[in-house]
Amino acid sequence: MADLLNHKKILIIIGGGIAAYKCLDLIRRLKERGANVQAILTKGGAEFITPLSISSLSENKVYQDLFSLTDEAEMGHIRLSRENDLILVAPATADLMAKMAMGIADNLATTTLLAANKPVMIAPTMNSQMWANPATQQNLKTLQQRNILVIPPADGDLACGEVGTGRLADVDDIISNLEDFFLSQLQNNPLKNKKITVTAGPTLEAIDPVRYIANHSSGKQGYAIAQALRERGAIVTLISGPTHLPTPHGVMRITVKSAQEMLKATEKTLPADGVICVAAVTDWKIENPSTQKIKKQKGSLPQLKLSENPDILKTISTHKKYRPALVVGFAAETDHLIEYAQNKLTKKGCDWIIANDISGDIMGGDENQVHLVTKEGVEHWPLQSKLDVARQLTKQIEEYFK
Ligand code: C5P
């Protein structure tokens, strides 16, 4: 699924350290997240990993030699910095850091760094004495003063057999630094740091400890909305009924079962700037669920007494103390779609209703066709992937918060 790193163009400069092998995992993970990765492999880096393994994972050419005729015909060192959003030096050796600090340009990597007009991030790794050496510490300071971003090395066993500070940061750590960087780029985005709660998935209403009533909601649309909001910098809490979906990156997920639990968890996130109720809340619950498994008895069927579930959307929309600035509901209908959605808007007291026709294979499918119903009118959106619906809705929410 797409996320903060989706479509981001990252140039990795791979220095000569034993930890260069971690770059392969890093590149694989970045590709999975939708990033476009190019790599410069230094001479030292090539002692540890091969250009073939890098290009297989990055699905891009690997650049190695400053004086390669084809690369230089395209002014490789200039172009590489211009066409990427960020340059990441990993591993950044003591030697590379020193060259960067001095402005030495004696190979493709250092020349590209000197010619760079894009943000640069380094992930240093070296022996702990080399790291602690005043020369390295001075270089580090110089680089930081020039706004080079630093992912500090970790403590632990070093490849040289010593123990101390100097291990390349974990791939997870490098990725979260990259996410933070791209998040910080969204400075002027109206959704940045807006607190938004999304409900998603079905709710399960217990009959007894083993049985329940529920519905076919997959949670896909709600998860896609949580993801799209996060991509644009919102602080997203996803209150989800049981689903098989992975939690979108950077989203805080709270898993619940029943509608009652979902209401409680949603109310706990207030005050919030927005609440988007996508969950297919089961309309009824069993009035008195049995605490023991109901036994099958010949000739007698269990009588289930139903009662109405709390309406989360309505509760939030009419909240006396913490009514969010924007409350959005969904209306899944098989007929009279727009008419029912307009009624729902009034009945529930929310600001927008996303009406979707569920007569086809919408529940559980990957596509959705929806209509945005507001007090001002109705917008018909095309049939598109649930992620694109989520992105279009997110754009609309951005406009609202501008
Ligand atoms: O009333 P109906 O189920 O058609 O309304 C759908 C909208 O209301 C959805 O946004 C759904 O998440 C929300 N809802 C709710 N709590 C309920 C029932 C529906 O939040 N008990």
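When a ligand or atom number is given, it counts from 1 through the structure's own listing order.
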Regarding E399 and K402, does a basic nitrogen lie under 4.0 Å from an acidic carboxylate oxygen?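 K402 and E399: salt-bridged.
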Salt bridge between D25 and R28, side-chain N to carboxylate O under 4.0 Å?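 Counted as a salt bridge, because a side-chain N and a carboxylate O are separated by less than 4.0 Å.
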Among I27, L80, I54, I87, whose side-chain contact (heavy atoms from CB on, under 4.5 Å) with Q38 holds?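 In the set I27, L80, I54, I87, the residue that makes a side-chain contact (heavy atoms from CB on, under 4.5 Å) with Q38 is L80.
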Which residue and heavy atom of the protein sit nearest [atom], plus the separation:
atom: atom 3 (O) of ligand 1; value: D283 OD1, 3.9 Å
atom: atom 11 (C) of ligand 1; value: A279 O, 3.2 Å
atom: atom 16 (N) of ligand 1; value: I312 N, 3.0 Å
atom: atom 6 (C) of ligand 1; value: F330 O, 2.9 Å
atom: atom 18 (C) of ligand 1; value: V281 CB, 3.7 Å
atom: atom 13 (C) of ligand 1; value: L313 CB, 3.7 Å
atom: atom 4 (O) of ligand 1; value: K344 NZ, 2.4 Å

Are any side-chain N or O atoms of E287 and backbone N or O atoms of S307, one a donor and one an acceptor, separated by less than 3.5 Å?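 Looks like no, no N/O pair under 3.5 Å.
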Nearest atoms (heavy-atom pairs only) where D173 meets A169: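 What the structure gives for the nearest pair is OD2-CB, 3.6 Å.
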Quick one: does E308 get within less than 4.0 Å of ligand 1, heavy atoms only?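 Distance cut 4.0 Å: E308 fails for ligand 1.
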Run the numbers on S258 and Y212 for side-chain hydrogen bond (donor to acceptor under 3.5 Å, both in side chains), then give the verdict. CA-CA 10 Å; S258 67; Y212 58 81; over 6 Å; no
Can you sort out which atoms of ligand 1 are near G329, meaning under 4.0 Å from one of its heavy atoms?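 So the answer, numbered in order with elements, is 10 (O).
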Best match, P310, C277, A200, A259: closest heavy atom to atom 21 (N) of ligand 1: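 When every heavy atom of P310, C277, A200, A259 is considered, P310 comes closest to atom 21 (N) of ligand 1.
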With a 4.0 Å heavy-atom cut-off (strictly under), which part of K348 contacts ligand 1: side chain, backbone, both or neither?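 Near ligand 1, K348 shows its side chain, while the N, CA, C and O stay back.
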Between the side chains of T282 and T203, is a donor N or O closer than 3.5 angstrom to an acceptor N or O?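 Indeed, the side chains of T282 and T203 share at least one donor-acceptor pair under 3.5 Å.
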Do we see a donor-acceptor contact under 3.5 Å between the side chains of N139 and T142?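 No, because no side-chain N or O of N139 sits under 3.5 Å from a partner of the opposite role on T142.
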